[in-house]
There are 2 protein chains.
Amino acid sequence: MTPRRSSRLGAVDWVDAALGLVTAEGVRGVKIARLCDELGVTKGSFYWHFADLDALWEAMATRWQEINRLRVTELHGLAEMAADARLIALSTMLISDSHLTVEKAIRDWARSNEKVAETVRNIDSEIFDVVDGTLQELAMTADQARLLAGLLVYAGIGYIHAHVGLPTPTPEDLQHARSGLILSGAD
Amino acid sequence: MTPRRSSRLGAVDWVDAALGLVTAEGVRGVKIARLCDELGVTKGSFYWHFADLDALWEAMATRWQEINRLRVTELHGLAEMAADARLIALSTMLISDSHLTVEKAIRDWARSNEKVAETVRNIDSEIFDVVDGTLQELAMTADQARLLAGLLVYAGIGYIHAHVGLPTPTPEDLQHARSGLILSGAD
DNA sequence: ACCTGAACACCGTTCAAGT
DNA sequence: ACCTGAACACCGTTCAAGT
């Protein structure tokens with residue numbers, strides 16, 4: 001299906017193909033046989049590049065962290081953008097459909113693989129830091145920022161899993177939530 | 001392992017055993033062979049009670065919804081409890097460890113089974129309604145209540161999946177968030 | 001260094017036969 | 001009505017052999 005530059009494969013090719021499969025069909029779509037079809041090789045080839053399926057997922061998680069970090073710093077680097085608008089752009093990105101699918105799949109796998117779980121925790125705290133930092137620019141106290149950031153990040157993760165069936169919060173809703181907290185006095 | 005009242009099994013016995021397995025070992029722990037060991041029967045017996053694994057999970061999801069609803073209405077029925085305290089009790093319950101494990105497992109399965117997914121959506125909106133209603137008792141406008149309820153429920157679901165590695169919000173934090181939103185003016 | 005092909009183990013599923 | 005036991009299919013994993 002996907003044509004390749006050289007006749008032989010590298011681990012990256014497998015990871016990319018797997019990430020593609022996840023996007024298209026979810027966790028349970030990632031079968032070694034399917035990947036082999038996609039890449040035009042046999043199963044034995046897979047086991048040359050990876051010890052087992054767990055190793056594949058670990059590589060996928062690591063690659064996903066990189067992709068994620070690139071996108072986030074790219075957004076965050078837009079210094080000319082108001083902190084306000086950056087927040088909205090960030091949440092819009094995190095909530096896009098293909099992003100959601102991959103993210104959920106990796107989190108699914110994290111349950112049975114501690115290394116993937118650790119990568120996921122890293123991704124989460126990277127996002128948390130960015131949100132937390134941006135909120136502090138918005139004239140919030142450090143305490144308020146941490147609290148809202150926590151709520152928002154958890155809400156974002158929740159949205160990843162449950163975005164069907166519950167009302168989707170609009171960017172304006174987030175604005176409301178933020179301005180609400182800003183107005184609140186200490187304690 | 002678990003002694004039974006009668007010599008023969010009902011579907012309920014399988015569902016309960018499966019729910020137990022999930023709690024102990026997560027989604028991937030639920031293997032038919034393991035269940036058979038637990039119940040002292042052979043695989044053929046399983047297929048007498050269920051068409052396949054999917055059917056088991058559908059039954060588990062339905063049973064979980066009942067359990068969930070019982071707990072929630074029980075809490076909500078405590079009319080003498082302040083709306084405030086009820087909210088905290090509710091979130092404390094939803095965040096308990098065994099609850100989290102089952103909940104996440106069922107949500108995992110929901111991805112590949114539309115019937116389970118629907119049950120999960122029902123559970124979510126039942127929770128949403130309770131939170132929404134309780135918030136309205138707290139002198140919030142309907143709009144504010146819907147918004148905060150949405151944020152809280154999503155955050156709760158997010159917490160289900162990511163509660164390791166991120167700071168855990170305390171009940172007091174939720175109080176803060178609520179009072180913050182109450183103070184916020186219209187629009 | 002990278003891949004094939006055939007084998008094996010594990011687990012979901014089926015089914016004829018038992019009580 | 002509920003269960004056994006043996007068979008089969010699918011898929012992850014291994015490995016000797018090829019280029």
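Since we're looking at a predicted model, the values are computed, not measured. Proteins get letters first, then strands, A, B, ... in listed order; numbering begins at 1 in each.
Protein atom CG of B:Asp54 is 13 Å distant from nucleotide atom C1' of C:dT13, rounded to whole Å. Distance B:Asp52 CG to D:dA9 P: 19 Å, rounded to the nearest Å. When rounded to the nearest whole Å, the span between CZ of B:Phe50 and P of C:dT14 equals 15 Å. The NZ atom of B:Lys31 sits 15 Å away from the P atom of D:dC11 (whole-angstrom rounding). Atoms CG (B:Leu39) and C1' (D:dT4) sit 15 Å apart, rounded to a whole Å. Per the geometry, CZ belonging to A:Phe46 stands 20 Å off P belonging to C:dA1, to the nearest Å. Atom CZ in B:Arg34 sits about 15 Å away from atom P in C:dC10, given to the nearest Å. Remark: C1' of C:dC3 and CH2 of A:Trp14 are 10 Å apart, rounded to the nearest angstrom.
Side-chain N/O atoms of B:Lys43 and base N/O atoms of C:dG12 include a donor-acceptor pair closer than 3.5 Å.
Using a 4.0 Å cut-off, no side-chain N or O of A:Trp48 falls inside it from OP1 or OP2 of C:dC3. When the side-chain nitrogen and oxygen atoms of B:His49 are compared with OP1 and OP2 of D:dC3, one or more of them lie within a distance under 4.0 Å. Between A:Tyr47 and D:dT14 there is no side-chain polar atom (N or O) within less than 4.0 angstrom of OP1 or OP2.
In this structure, of C:dC3, D:dT13, C:dT13, it is C:dC3 that holds the atom nearest to the side chain of A:Ser45. Each of C:dT13, D:dG12, D:dG5 was ranked by its minimum atom distance to the side chain of B:Leu53; first place goes to C:dT13.
For the atom pair B:Arg71 CZ and B:His99 NE2, the distance stands at 6.0 Å (nearest 0.5 Å). The CD1 atom of B:Ile88 lies 12.0 Å from the OG1 atom of B:Thr134; values are rounded to the nearest 0.5 Å.
Across all strands shown, D:dT13 pairs with C:dA7; the Watson-Crick or G-U wobble distances both stay below 3.5 Å. Nucleotide C:dA1 forms a pair with D:dT19, judged by Watson-Crick or G-U wobble geometry with both contacts under 3.5 Å.
Both tests hold for A:Arg28 against B:Trp109: distance to the six-membered ring centre under 6.0 Å, angle to the ring axis within 45°.
Looking at which nucleotide of DNA chain D each of A:Gly44 and A:Val30 is closest to, the 5′-most match is held by A:Val30.
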Requested in this report: Begin with the C-alpha distance, continue with both residues' side-chain angles, and end with the deciding distance and a verdict on side-chain hydrogen bond (donor to acceptor under 3.5 Å, both in side chains) for B:Gln136 and B:Gln144.
Outcome: CA-CA 8 Å; B:Gln136 296 207 28; B:Gln144 287 171 336; over 6 Å; no

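When side chains are defined from C-beta on, B:Phe46 counts as touching B:Leu56, because their heavy atoms get closer than 4.5 Å.
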